[in-house]
Amino acid sequence: MWRRLPARRLASALLSSFPVTRAAAPRAPPLERRLLPATSSLLPPPRFPSWQQDPRWIASAAAAEAVSSEEAEELHHALEIFRVQPYKNQPPPVEEQQASGRDHRSRHRRNRRGQQAQVAAAEHGMTYHKYASLRRRQIRVETEAWEQAAKEYRELLADMCEQKLAPNLPYIKSLFLGWFEPLRDQITAEQELVADRGSRASHGPYFNMLPADMMAVITMHKLMGLLMTGSGDGSVRVIQAACQIGEAIEHEVRIQRFLEKTRRKSNREKESEEEICDSNIAKEQQRLRKKVTDLMKKQKLRQVRKIVKNQDDSRPWGQDAHAKVGSRLIELFIETAHIQPAASQSSDGLPDIRPAFRHEMRTVPKEQQKLSRRYGVIKCDPLVRQGLDRTAKHMVIPYMPMLIPPICWTGYDKGAHLFLPSYVMRTHGARQQREAVKRAPKEQMQSVFEALNTLGSTKWRVNKRVLSIIDRIWSSGGRLADLVDRADVPLPEKPDTEDETLLKKWRWNMRSVKKENSERHSQRCDVELKLAVARKMKDEEGFYYPHNLDFRGRAYPMHPYLNHLGSDLCRGVLEFAEGRPLGQSGLRWLKIHLANLYAGGVDKLSYDGRIAFAENHLEEIFDSADRPLEGKRWWLGAEDPFQCLAVCMNLAEALRSSSPETTISHIPVHQDGSCNGLQHYAALGRDKLGAIAVNLVAGEKPADVYSGIATRVVEIMRRDSQKDPSTDPDATRARLILDQVDRKLVKQTVMTSVYGVTYVGAREQIKRRLKERGVIADDAELFGVSCYAAKVTLTALGEMFQAARSIMNWLGDCAKVIACENEPVKWTTPLGLPVVQPYRKLGRHLIKTSLQVLTLQRETDKVMVKRQRTAFPPNFVHSLDGSHMMMTAVACKRQGLNFAGVHDSYWTHACDVDTMNKILREKFVELYDTPILENLLESFEKSFPTLKFPPLPERGDFDMKDVLESPYFFN
């Protein structure tokens, strides 16, 4: 910026940055610019002059717990400039008169926001004061989590010193406490070391921005969290851990700085400091002004830029700084964290104290070598690993569900959480995608923002009855309702023999058992994290999930563990906070929902057949509701047992009531698309045959595309089996596998066919299914049969969905034309979201840290042609199903419905299912009334006028209005 300014204008701009009086101080940047994205952060400032730390000069806001009730009215976005009049006996300068006018307008804005707050509170059924109280709690959740953890450890250490005995703590928390003090002290020593003027440590400039105890807590909890969610072997890659720890430190620096600057001082403190601050400010500003003027006269622009740079604390750290800071903290943690086995503590000999973590290098397998051959990992001691699956309840979990409705999205990084960095799209470092969303006009993005705000405004709560059952099963060792066994599989004993055949078999069994135990460990950690969140939220009246998008436009909750996109456990434990009377239709849909959850073929019956199933099992439903674990346990036979149990409880309550229709229900009832990807292809191609196969056309019962494909596969294989095996090897394979072909064998391949599954992918899917059945023992034979079955399945798919295949090929061909010009494929979804495919070749960027040399991946300018081509068809269809879901969400909200969506599964109260069904069909027809493929081709030709694209594929004559009358389109 500075180079482009003429010298005179540069001088003017610089001098205006250092005003003589506080009244002329520049307006502080707004909150949304101060709280920058996760990828950006602060430049390490040198020692700040006292005038810059004066809280009266800096912006103040309703951002800390101690804000007054008047400030709380500013709710989501409030940030106004707090200024004082420094002169009492002199007329205010012109700048101050202008500031006064701005303050007057600020008061108007504040009053308007207060009114908006009251409206928002009323919309969500809350009084204004309750809303303000929840908001203050939400601020504490987002800003004080690490600080509270550090405070807890300090207090435990103080108690330990006073009472001269160790507190009775859970195993993993006692480890945290033992590691905290040495790590904190080591960080303190490091901070003193890098503060020395002679220090040249690359992490030094960033190391003194937080207190040592908070840095220690973040390092411990982040590393343990990564080990919990990792591969299951108790290790995590250094590059991943370092970057995430460094990024977490930066986020906390931002929050703490903002809170420090916005925390109000008492009037007494202001009065006592006023005179000192006045003189200090004037002296410091005068000194800086004189220094800049002198340097400008001497044309020493480099020094001038350095002064200006030192005043700017809003520059990003970047990934390099994250890696360096994180690496040094990990190194200090490895040096200070130790563990001692319980048996060693009581022995008479020397105690067995060993490092809790170690840094080791691993070699990448040859077939996976792309950028580097070796990588570093942090591996925890087996004793620490044993405690990981009991760690979740003691972890600081960021991005918890919100206690108040999320801030409405208004820009790329404006919305969702109050303080935690929030972005409307998960770009994963893809620069072009990020810039495309930022550049998109707000009007263009309005429908997307409205849909995300709608999804985020749905209020949830924990189903305490289901949670108590899950807790009982889990405390008893798991194993029921798809919960993992909490115990490991015993390791096989080594045979006392020299027989190499037996030893080889033992080694194979040992590897198999270790793999199984590693998978169990990962699953236990996952369950613990989900249950930890559920237990924290169970006493809340309600909570909300802010949503954002992936690059294709599909919506996801930002909280990663307990959400409705998760497993049956998550869905069973979550329900709508608002209850609504079932009504006649709601009771009917609750029975249908029960049959859908029980599944096992029941979900393929007609609606009347599903209702009959529920009514024929009333005794089992009542028993499941009354005695879930002591009774017949019928609900455990369901495909989704915890959701089935929740519905049994609600249905039993309704059926025992004298007026079932008036029973209040909080259960979300699902309506799922029938192989939704193929539904979108059938609509794009107006393919009548495909439309019938995926329920776009009304039928007496739902068409099952998977059974249809399986039937066609059997026909082809039966024909092949009659051939001569001596001339056609497929004859032998067909005879071998014919009896194994069913709906389940081909389902995954059919599902993923619309997302571009390859022959190799289909082969591996079918091979896994056959291996599970254990019918073919010989590996070579299994491989040959899997190849044959995959080929036949893809042939059957091509026959049944010719239109889908032609559109898929056309999309891939267009993508190839674009990618061959070294350009990524770009398009705009029907809702106005710009999409840029992120597939580029990656380059290496080496960072030397105190721990090791890290290899960071960086995007290059070269696109991956093959990946751009193969990924475009599924990505384009995903952008369409995301658009349909968001259109439905907004329309449901306007009709007064509660709505939640999981891609192609739409949820609402039982009493509102009929209304939602009508809306989602209308929105699907509305979506495909627009010439989607024509618009896409036109955008390609406009962006690349010199390129020649293939003509649009031929389409059929299917009437989209038939969808409106199809009962099983979503069911």
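Hydrogens, waters and symmetry mates play no part in the numbers below; they use all other heavy atoms, side chains included.
The environment of E541 atom CD is sparse: at most 12 non-hydrogen atoms of other residues, nucleotides or ligands sit within 6.0 angstrom.
Side-chain atoms of M885 and D881, non-hydrogen and from C-beta on, never get closer than 4.5 Å to each other. In this structure, K414 and F449 have side chains that are not in contact, with every pair of non-hydrogen atoms separated by 4.5 Å or more. The side-chain heavy atoms of M400 and H559, taken from C-beta on, include a pair separated by under 4.5 Å. Looking at heavy atoms from C-beta onward, F176 lies in side-chain contact with H221 at the 4.5 angstrom threshold. Using a 4.5 Å cut-off on side-chain heavy atoms (C-beta onward), R137 and L134 make contact. Q244 has its side chain out of reach of V236: every pair of non-hydrogen atoms, C-beta onward, lies at least 4.5 Å apart. Annotation: side chain of I218 is in contact with side chain of L210 (closest heavy-atom distance under 4.5 Å). Side-chain contact between R385 and S518 is present, with at least one heavy-atom pair separated by less than 4.5 Å.
In this structure, L831 and V448 approach most closely via the heavy-atom pair O-CG2, 3.8 Å. Looking at every heavy atom in both residues, I469 comes nearest to P628 through CD1-CG, 3.7 Å. Taking all atoms of both residues into account, the shortest heavy-atom contact from L455 to A555 is CD1-CB, 3.6 Å. Of all heavy-atom pairs spanning C380 and L227, the tightest one is CB-CD1, 4.0 Å. Of all heavy-atom pairs spanning A241 and I330, the tightest one is CB-CD1, 3.7 Å. Contact record, P401 with F543: CB-CD1, 3.6 Å, taken as the closest heavy-atom pair.
For an aromatic pair to be called close, the ring centres must be under 6.0 Å apart, and F419 with H251 fails this. Side-chain rings of F970 and H670 stay apart, their centers remaining 6.0 Å or farther from each other.
Separating the CD1 atom in I667 from the CG atom in L574 is a distance of 10.5 Å, to the nearest 0.5 Å. Distance CH2/W474 to CZ/R486: 5.0 Å, rounded to 0.5 Å. The structure places CG of D603 at 11.5 Å from CG of L594, a figure rounded to the nearest 0.5 Å. One distance of note links CG of N917 with CG of N971; it measures 9.0 Å at 0.5 Å rounding. Summarising the geometry, atom CG belonging to L833 is positioned 7.0 Å from atom CD belonging to Q433; distances are rounded to the nearest 0.5 Å. In this structure, NE2 on H666 lies 11.5 Å from CZ on R580, to the nearest 0.5 angstrom.
Of the possible polar contacts, none joining the S905 side chain to the H903 backbone as a donor-acceptor pair under 3.5 Å is found. Within the 3.5 Å criterion, the main-chain N or O of L403 finds a donor-acceptor partner in the side chain of Q138. Side-chain atoms of D550 come within 3.5 Å of backbone N or O of G553 as a donor-acceptor pair. Between the side chain of R571 and the backbone N or O of H564, at least one donor-acceptor pair lies under 3.5 Å. Of the possible polar contacts, none joining the R520 side chain to the V484 backbone as a donor-acceptor pair under 3.5 Å is found. In this structure, the side chain of W460 does not engage the main chain of Y545 through any donor-acceptor pair within 3.5 Å. No donor-acceptor distance shorter than 3.5 angstrom exists from the side chain of Y561 to the backbone of G566, with no hydrogens or angles considered.
Remark: K464 pairs with D539 by the side chain to side chain contact (heavy atoms under 4.5 Å, CB included) rule, at least two apart or across chains. D482 pairs by the salt bridge (Lys or Arg N to Asp or Glu O under 4.0 Å) definition with nothing, not counting sequence neighbours. Scored by the ring pair (Phe, Tyr, Trp, His ring centres under 6.0 Å) test, W179 finds F333, F357 as partners (sequence neighbours excluded). Checked against side chain to side chain contact (heavy atoms under 4.5 Å, CB included), R768 has the following partners two or more places apart in sequence or in another chain: Q748, E764, Q765.
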Side-chain donor/acceptor pairs under 3.5 Å, residues 887-900, sequence neighbours excluded:
| from | atom 1 | to | atom 2 | distance (Å) |
| --- | --- | --- | --- | --- |
| T888 | OG1 | H884 | O | 2.8 |
| K893 | NZ | S457 | OG | 3.2 |
| R894 | NE | E450 | OE2 | 3.4 |
| R894 | NH2 | E450 | OE1 | 3.1 |
| R894 | NH2 | E450 | OE2 | 2.8 |
| N898 | ND2 | E578 | OE1 | 2.8 |

Show me the donor-acceptor pairs within less than 3.5 Å that the side chains of residues 637-653 make with the rest of the protein, sequence neighbours left out.
| from | atom 1 | to | atom 2 | distance (Å) |
| --- | --- | --- | --- | --- |
| Q643 | NE2 | D568 | OD1 | 3.1 |
| N650 | OD1 | S665 | OG | 2.6 |

Worked verdict on F551 versus N875 for side-chain contact (heavy atoms from CB on, under 4.5 Å) = CA-CA 9 Å; F551 78 92; N875 286 341; 3.6 Å; yes
Carefully, step by step, assess R461 and E540 under the rule salt bridge (Lys or Arg N to Asp or Glu O under 4.0 Å).
-> CA-CA 7 Å; R461 73 176 190 182; E540 300 294 345; over 6 Å; no
Check against side-chain contact (heavy atoms from CB on, under 4.5 Å), W409 and N548 | CA-CA 9 Å; W409 286 104; N548 62 2; 4.3 Å; yes
Taking it one step at a time, do K459 and Y544 satisfy side-chain contact (heavy atoms from CB on, under 4.5 Å)?
-> CA-CA 5 Å; K459 191 175 184 180; Y544 304 84; 3.4 Å; yes
Would W634 and D623 count as a side-chain contact (heavy atoms from CB on, under 4.5 Å) if you check the C-alpha gap in whole Å, the side-chain angles of each, and the deciding distance to 0.1 Å?
-> CA-CA 8 Å; W634 175 79; D623 179 72; 5.7 Å; no
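Checked options K530, Q523, R524; the residue passing with D526 is K530 (criterion: side chain to side chain donor-acceptor pair (under 3.5 Å)).
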